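These numbers come from a predicted model, not from an experiment.
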Amino acid sequence: MEMKELTRAEEQLMQVLWQLKKAYVKDIIDQLPEPKPAYNTVSTFIRILETKGFVGHTAFGKSHEYHPLISKEQYQNFATDKLLNGYFDNSVKRMFSFFVQKEKIDMKEADEILKLIEKLKDK
């Protein structure tokens, strides 16, 4: 099955589910910031995530305990590839330059990136 892109709301719920590993809807709501969404709203989005193949569930009577079927790392790879291919012609250099121009990288991060590059050169 081809992985689909998440909406902002779906991604927010997946972030909670990735953190909790398994949860009931009420557990997910507890982790969301104020103002808390309605139970039915979260339940509907979770069912959409099930349809998209991101979430599975275990039934306990009428209750469902949800768990991620797609790991955070799998989605991170998908989203990064989509960003890199769609906006930077698959060039890490162009993406990095963009973040530097937009001042999204501070000196500490730049130092860490340089260390990673030096480590890569040593391989």
Side-chain angles (χ1 to χ4, degrees):
M1 177 192 289
E2 185 178 327
M3 191 177 298
K4 295 179 180 174
E5 190 170 2
L6 297 173
T7 66
R8 180 178 281 201
E10 291 166 349
E11 191 173 340
Q12 186 179 26
L13 296 179
M14 285 305 299
Q15 291 286 353
V16 172
L17 209 47
W18 283 322
Q19 180 185 353
L20 297 176
K21 313 258 189 263
K22 56 184 178 179
Y24 295 95
V25 170
K26 66 178 177 51
D27 301 325
I28 296 169
I29 293 170
D30 286 347
Q31 297 298 313
L32 295 172
E34 295 288 344
K36 306 277 188 194
Y39 183 94
N40 287 341
T41 302
V42 174
S43 182
T44 298
F45 274 97
I46 291 292
R47 276 186 259 124
I48 291 169
L49 286 166
E50 271 195 296
T51 304
K52 286 183 164 184
F54 278 82
V55 171
H57 75 266
T58 305
F60 294 98
K62 289 185 176 181
S63 297
H64 290 160
E65 183 182 64
Y66 297 96
H67 56 273
L69 294 175
I70 302 290
S71 71
K72 186 173 183 175
E73 184 180 7
Q74 287 172 305
Y75 191 71
Q76 191 176 39
N77 286 336
F78 167 79
T80 304
D81 285 348
K82 187 174 171 72
L83 178 70
L84 196 59
N85 291 329
Y87 295 96
F88 300 102
D89 300 325
N90 209 23
S91 167
V92 173
K93 179 185 169 191
R94 289 188 67 195
M95 187 167 79
F96 182 74
S97 294
F98 173 82
F99 288 124
V100 170
Q101 286 173 355
K102 295 293 180 185
E103 299 180 5
K104 298 287 186 187
I105 297 175
D106 62 26
M107 289 307 291
K108 183 180 176 199
E109 288 175 319
D111 280 344
E112 291 170 0
I113 291 168
L114 287 173
K115 286 177 186 170
L116 289 172
I117 291 169
E118 288 301 320
K119 205 173 179 180
L120 185 65
K121 284 181 179 177
D122 292 342
K123 283 188 175 180

| said: Closer than 4.0 angstrom, basic N to acidic O: yes or no for K121 and E118? | reply: yes
| task | Report whether I117 and I105 are members of the same hydrophobic cluster (ILVMFWY, side-chain heavy atoms less than 4.5 Å apart, transitive linking). | result | yes
| query | Do any N or O atoms from the side chain of T80 and from the backbone of Q76 form a donor-acceptor pair under 3.5 angstrom? | reply | yes
| According to a 4.5 Å side-chain heavy-atom criterion applied to Ile, Leu, Val, Met, Phe, Trp and Tyr, with indirect links allowed, do L83 and V92 form part of one hydrophobic cluster? | yes
| said: Is there a path of hydrophobic side-chain contacts, each under 4.5 Å between heavy atoms of I/L/V/M/F/W/Y residues, joining L6 to L84? | reply: no
| query | Is L20 reachable from L69 through a run of I, L, V, M, F, W or Y residues, each pair having side-chain heavy atoms under 4.5 Å apart? | reply | no
| message | Enumerate the ring-ring contact (aromatic ring centres under 6.0 Å, His included) contacts for residues 22-52, please, sequence neighbours excluded, ordered by first and then second residue. | response | none
| request: Report yes or no: do V25 and F60 belong to one cluster of Ile/Leu/Val/Met/Phe/Trp/Tyr joined by side chain heavy-atom distances under 4.5 Å? | output: no
| said: Once you measure the plane-to-plane angle for Y66 and H64, does it fall in the parallel (<30°), tilted (30-60°) or perpendicular (>60°) bin? | reply: perpendicular
| What is the minimum heavy-atom distance between M3 and F54, and which atoms define it? | CG-CZ, 3.8 Å
| Donor-acceptor contact below 3.5 Å, side chain Q31 vs main chain I28 | no
| said: Could you check whether any side-chain heavy atom of R47 comes within less than 4.5 Å of a side-chain heavy atom of T44, counting everything from C-beta outward? | reply: yes
| message | If the threshold is 4.0 Å, N to carboxylate O, is there a salt bridge linking E10 and K52? | response | yes
| query | Rounded to the nearest 0.5 Å, how far does OG1 of T7 lie from CD of Q12? | reply | 9.5 Å
| query | Is the backbone of I70 close enough, under 3.5 Å, to the side chain of W18 for a donor and an acceptor to pair up by distance? | reply | yes
| message | Check whether D106 reaches the backbone of K108 with its side chain - one donor and one acceptor, N or O, closer than 3.5 Å. | response | yes
| query | Should V55 and P68 count as side-chain neighbours, where that means a heavy-atom distance under 4.5 Å? | reply | no
| request: Flag the pair K21 / H67 as yes when at least one side-chain heavy-atom distance between them is below 4.5 Å, and no otherwise. | output: no
| query | Under 6.0 Å from the NZ atom of K36, do we count more than 12 heavy atoms belonging to anything else shown? | reply | yes
| field | Residue pairs fulfilling ring-ring contact (aromatic ring centres under 6.0 Å, His included) with at least one residue in residues 101-123, sequence neighbours excluded | value | none
| Going through the distances and angles, do D27 and E65 end up as a side-chain contact (heavy atoms from CB on, under 4.5 Å)? | CA-CA 10 Å; D27 301 325; E65 183 182 64; over 6 Å; no
| said: Test: ring-ring contact (aromatic ring centres under 6.0 Å, His included). Region: residues 80-122. Which pairs qualify, not counting sequence neighbours? | reply: F88-F98
| Flag side-chain contact, heavy atom, 4.5 Å: Q15 against K72 | yes
| field | Pairwise distance CZ(R8) to CG(L13) - rounded to 0.5 angstrom | value | 13.0 Å
